[in-house]
Amino acid sequence: MEKEIVVSGIRPTGYLHLGNYFGAMRNYVRMQDEYNCYFFVADWHSLTTHPDTKELKNSVYRVLAENIACGLDPEKVALYVQSDVKEIAELYLYLNMLAYKGELEKVPTFKDKVRLQPDNVNAGLLTYPVLMTADILIHRATKVPVGKDQEQHLEMARNFAERFNHRYGETFPLPYAFNYNTGLVKIMSLDGNGKMSKSENQMATIFLSDDDELIRKKIMKAKTDAGPQENNSDKPDYIDNLFTLMNLVSKEDTLKKFEDDFNNCNIRYGDMKKQLAEDMALFIHPIREKAAAIQNDKVSLDKIMHEGAEKARASASKTLQLIKESMGLNY
Ligand code: TYM
């Protein structure tokens with residue numbers, strides 16, 4: 001039986017952080033053994049918000065290195081850079097004729113970006129979900145491992161795929177956001193303000209490149225409060241986030257101890273954060289060291305990048321042929 005196809009990408013707009021890891025990369029690593037996987041660095045997407053390309057090349061290498069350091073095996077997956085696969089741009093063009101200005105203007109991520117960069121509301125920003133759809137459909141993927149913030153983009157990808165199929169005949173299977181556990185993951189910022197992100201409050205984001213001291217400092221500063229007043233109360237979201245992180249990096253009995261303390265109103269957040277900081281430092285240490293070593297080996301990274309692009313182009317050109325046949329552009 002043919003393996004199901006998986007696609008996902010990460011923008012090279014800064015250092016990778018725990019949100020990227022637990023929302024996406026952790027699943028990449030697990031999926032590589034079960035599926036036919038295409039993982040890429042979304043350098044075209046980064047141009048919608050980061051027109052200055054001075055840091056871009058370094059960032060692309062770092063994202064590749066960090067993915068490999070987290071356990072991605074370039075022999076098992078196609079690991080490539082988006083701009084190496086020109087077929088994506090051609091599909092983006094076709095899909096743009098099926099995407100309406102009105103629906104694109106309503107996308108919450110577009111509205112956020114308009115607020116953040118009112119002087120650079122470029123057409124690429126508006127059609128960001130269309131390019132993302134092209135990334136996915138170019139391999140006819142069905143599973144897309146992403147964090148919760150990308151859920152709406154996946155819904156749009158399904159709409160565009162359905163619209164294409166309706167207009168030109170059944171060509172694409174429908175893609176869905178994927179996580180092994182139940183819901184999609186959202187790691188919050190340690191200051192309790194929104195999601196952890198590459199570009200917002202750096203002291204409230206834990207990067208995979210942070211050293212042990214910095215990790216401790218950031219976690220000790222994480223937002224807490226006076227603690228629950230009643231047994232078994234609901235957790236405020238910033239406290240829930242600390243438990244989520246503990247669940248991801250600490251031992252089961254450690255988590256249980258603090259869960260019990262919380263439920264009995266005995267919790268000491270200082271102790272919890274100290275423990276979490278130590279477990280987090282242990283978790284990140286090997287990734288950081290491995291990524292730094294890989295990043296220094298540009299020769300190997302170039303080889304990986306080129307081989308990944310070849311694998312991706314082979315799949316993309318096959319799909320493009322199919323697309324052109326469906327559209328009647330096969331002269
Ligand atoms: P990007 O670069 O913002 O993030 C990469 C991945 O990390 C996830 N993520 C999070 N998950 C949980 N909690 C967080 N705080 C958090 N922050 C980031 C994102 O959901 C994502 O999975 N548009 C995409 C890149 C992209 C793409 C694609 C993804 C371009 N084309 C095609 C999938 C398929 C983005 O900006 O990701």
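Ligands are counted one by one from 1 in listed order, and the atoms in each one are counted from 1 as well.
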Which atoms from ligand 1 have a heavy atom of [X] less than 4.0 Å away?
X: Ile136; result: 32 (C), 34 (C)
X: Gly23; result: 11 (N), 12 (C)
X: Ser8; result: 33 (C), 34 (C)
X: His17; result: 17 (N)
X: Lys195; result: 15 (N)
X: His45; result: 30 (C), 31 (N)
X: Lys186; result: 12 (C), 13 (N)
X: Ala24; result: 6 (C), 7 (O), 22 (O)

With atom 8 (C) of ligand 1 as the reference point, say which of Ala42, Gly147, Gly14, Ser189 has the nearest heavy atom.
->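 Of the listed residues, Gly147 has the closest heavy atom.
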Shortest reach to atom 27 (C) of ligand 1 by a heavy atom, considering only Ala134, Gly194, Gly9 =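 Heavy atom nearest to atom 27 (C) of ligand 1 belongs to Gly9.
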Please state which protein non-hydrogen atom is closest to [atom] and give its distance, to 0.1 Å?
atom: atom 12 (C) of ligand 1; answer: Val185 O, 3.2 Å
atom: atom 14 (C) of ligand 1; answer: Gly19 CA, 3.5 Å
atom: atom 37 (O) of ligand 1; answer: Gln150 NE2, 3.9 Å
atom: atom 32 (C) of ligand 1; answer: Met132 CG, 3.5 Å
atom: atom 31 (N) of ligand 1; answer: Asp135 OD2, 2.7 Å
atom: atom 3 (O) of ligand 1; answer: Arg11 NH2, 2.8 Å
atom: atom 4 (O) of ligand 1; answer: Asn20 ND2, 3.3 Å

Is the closest side-chain heavy-atom distance between Thr224 and Met272 below 4.5 Å?
->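 Side chain of Thr224 against side chain of Met272, heavy atoms only: no contact under 4.5 Å found.
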With the side chain counted from C-beta on, respond yes when Glu310 and Glu307 share a heavy-atom pair under 4.5 Å apart, and no when they do not.
->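 Side-chain contact under 4.5 Å: no.
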Indicate if Val249 and Met25 have the same hydrophobic cluster label, given that clusters are the connected sets of ILVMFWY residues with side-chain heavy-atom separations under 4.5 angstrom.
->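 Same cluster: Val249 reaches Met25 through Ile, Leu, Val, Met, Phe, Trp or Tyr contacts under 4.5 Å.
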Please determine if Lys311 forms a cation-pi arrangement with Tyr80, meaning its NZ or CZ atom is less than 6.0 Å from the six-membered ring centre and no more than 45° off the ring axis.
->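 No - Lys311 does not lie over the ring of Tyr80 by the 6.0 Å and 45° rule.
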Does some non-hydrogen atom of [X] fall short of 4.0 Å from ligand 1?
X: Lys198; answer: yes
X: Ser197; answer: no
X: Met25; answer: no
X: Phe40; answer: yes

Polar proximity ligand 1 side, [X] side, N/O cut 3.5 Å exclusive:
X: Tyr28; value: no
X: Asp149; value: yes
X: Met196; value: yes
X: Lys148; value: no
X: Tyr128; value: yes
X: Ile187; value: yes

Region of Val144 engaging ligand 1 - heavy atom pairs below 4.0 Å =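 Val144 to ligand 1: side-chain contact only, backbone stays beyond 4.0 Å.
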Give the contacting part of Leu131 toward ligand 1: side chain, backbone, both or neither, where contact means a heavy-atom distance below 4.0 Å.
->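 Neither; nothing of Leu131 gets under 4.0 Å from ligand 1.
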Please list, one pair per line, the donor and acceptor atoms closer than 3.5 Å that link side chains of residues 321-331 to other protein atoms, with sequence neighbours excluded.
from, atom 1, to, atom 2, distance (Å)
Lys324, NZ, Glu90, OE2, 3.4
Ser326, OG, Thr171, OG1, 2.9
Ser326, OG, Leu322, O, 3.1

Would you tell me whether [X] and [Y] have side-chain atoms, one donor and one acceptor, within less than 3.5 Å of each other?
X: His166; Y: Arg163; value: no
X: Thr109; Y: Tyr128; value: no
X: Tyr61; Y: Asp302; value: yes

With no hydrogens and no angle check, is any side-chain donor or acceptor of Thr319 less than 3.5 Å from a backbone partner on Ser315?
->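 Looks like yes, one N/O pair under 3.5 Å.
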Please check if the side chain of Lys273 supplies one atom and the backbone of Lys221 the other of a donor-acceptor pair under 3.5 Å.
->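 Checking the backbone N and O of Lys221 against the side chain of Lys273, no donor-acceptor pair under 3.5 Å is found.
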For the pair Tyr92 and Thr127, evaluate side-chain hydrogen bond (donor to acceptor under 3.5 Å, both in side chains) and give the outcome as yes or no after the intermediate values.
-> CA-CA 9 Å; Tyr92 171 52; Thr127 56; 2.6 Å; yes
Mind telling me whether Tyr180 and Phe178 have parallel, tilted or perpendicular rings, with 30° and 60° as the class edges?
->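 Rings of Phe178 and Tyr180: perpendicular, as their planes differ by over 60°.
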Assess whether atom [atom1] of [X] is packed by more than 12 heavy atoms of other residues, nucleotides or ligands within 6.0 Å.
X: Glu55; atom1: CD; answer: no
X: Asp234; atom1: CG; answer: no
X: Lys86; atom1: NZ; answer: yes

List the steps, then state whether side-chain hydrogen bond (donor to acceptor under 3.5 Å, both in side chains) holds for Tyr15 with Asp210.
-> CA-CA 10 Å; Tyr15 288 82; Asp210 284 348; over 6 Å; no
Name the one of Tyr38, Phe40, Phe39 that satisfies ring-ring contact (aromatic ring centres under 6.0 Å, His included) with His139?
->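 It is Tyr38; the other options fail the test.
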